[in-house]
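Residues: numbered from 1 along the sequence shown.
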Amino acid sequence: KVLEENKVDFAPLAEMYLMTLTQAIESARTLITTTDDHEMTIATMIYPSMQLKANGGMFHYPLVTTLADKVVQFLEVIVKIDRDVIDIIDAFMTTIRATLASQIHDLKHPQGQELLFALDSACRRYFSRHPENYNTR
């Protein structure tokens with residue numbers, strides 16, 4: 001009942017995770033040419049995404065949960081970070097920020113559906129162009 005009726009403003013908490021994701025993205029931009037430790041770079045982006053996924057629903061933002069889940073699913077199968085991967089994660093992050101700023105809670109919101117479709121399409125296009133970067137384990 002406490003979770004269902006909570007009135008806590010999710011935006012400041014979400015912004016904390018988005019800042020962590022921003023830092024991970026910026027780190028990944030510099031590391032893609034200087035490191036082979038792609039697993040650690042991916043993990044630094046997955047953690048804040050998982051936090052957004054877990055907390056979005058609890059704070060009545062199921063669209064944020066769904067968007068963050070897509071980020072996690074995308075990153076979990078990436079073998080190697082490249083510029084296109086970073087751009088896709090950055091687009092997800094920008095979308096989550098816009099969702100919070102516009103207070104789009106509902107998964108059925110027309111703009112939310114359009115954003116989900118566009119980002120999902122970007123992931124599918126990426127894997128069609130880079131099948132070698134898809135981990136099937």
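Closest heavy-atom contact between Pro131 and Ser128: CD-O, 3.8 Å. Residues Ile81 and Ala28 approach most closely at CG2-CB, 4.3 Å, considering heavy atoms. Of all heavy-atom pairs spanning Thr44 and Ala24, the tightest one is O-CB, 3.4 Å.
In this structure, Met58 is a member of the same hydrophobic cluster as Leu52, with clusters built from ILVMFWY side-chain heavy atoms closer than 4.5 Å. Neither Val79 nor Leu31 shares a network with the other; the hydrophobic side chains, linked directly or stepwise wherever heavy atoms of I, L, V, M, F, W or Y lie under 4.5 Å apart, form separate groups for each. Residue Leu13 is not grouped with residue Met19 when hydrophobic side chains (ILVMFWY) are merged at heavy-atom distances under 4.5 angstrom, including chains of intermediate members. Note on Leu115: it does not cluster hydrophobically with Val64, by side-chain heavy-atom contacts below 4.5 Å among ILVMFWY residues.
For CZ of Arg83, the number of neighbouring non-hydrogen atoms (other residues, nucleotides, ligands) closer than 6.0 Å is 12 at most. Atom CD of Gln113 is surrounded by more than 12 heavy atoms from other residues, nucleotides or ligands within 6.0 Å.
Interatomic distance, CG of Asp82 versus NE2 of His38, reported as 9.0 Å (0.5 Å rounding). Here the OH atom belonging to Tyr47 is positioned 12.5 Å from the CG atom belonging to Leu21, to the nearest 0.5 angstrom. Atom CG of Leu107 sits about 7.0 Å away from atom CG of Leu116, to the nearest 0.5 Å. Atoms CG and CZ, on Leu18 and Phe92 in that order, are 13.0 Å from each other to the nearest 0.5 Å. Remark: Met93 CE to Ile25 CD1 distance equals 4.0 Å, nearest 0.5 Å. Separation of atoms CD (Gln73) and OG (Ser49) is listed at 11.5 Å; rounding is to 0.5 Å.
Side-chain atoms of Tyr61 and Asn55 include no donor-acceptor pair closer than 3.5 Å. Residues Ser121 and Arg124 have side chains that bring a donor and an acceptor to within less than 3.5 angstrom of each other.
Without hydrogens or angle criteria, His109 side chain to Gln111 main chain gives a donor-acceptor distance under 3.5 Å. Ser102 places no side-chain N or O within donor-acceptor distance of the main-chain N or O of Thr99, the cut-off being under 3.5 Å. In this structure, Asn135 contributes its side chain and Ile78 its backbone to no donor-acceptor pair below 3.5 Å.
The side-chain heavy atoms of Leu63 and Ile96, taken from C-beta on, include no pair separated by under 4.5 Å. Using a 4.5 Å cut-off on side-chain heavy atoms (C-beta onward), Asp106 and Pro62 make no contact. The shortest side-chain heavy-atom distance between Asp90 and Thr94 falls under the 4.5 Å cut-off.
Aromatic ring pairs are classed by plane angle as parallel below 30°, tilted from 30° to 60° and perpendicular above 60°; the pair Phe74 and Phe127 is tilted.
The one candidate from Leu119, Ile89, Thr95 that meets the side-chain contact (heavy atoms from CB on, under 4.5 Å) condition with Val71 is Ile89.
The existence of a salt bridge linking Glu15 and Arg97 is confirmed by a sub-4.0 Å separation between a basic side-chain nitrogen and an acidic carboxylate oxygen. For Asp84 and Arg125, the salt-bridge test fails: no basic side-chain N is under 4.0 Å from an acidic carboxylate O.
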When you look at Ser27 and Thr41, which way does the side-chain contact (heavy atoms from CB on, under 4.5 Å) test go after all the steps?
-> CA-CA 8 Å; Ser27 177; Thr41 304; 5.8 Å; no

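For residues 54-73, the pairs satisfying salt bridge (Lys or Arg N to Asp or Glu O under 4.0 Å) are Lys53-Asp69, Lys70-Asp120, with sequence neighbours left out.
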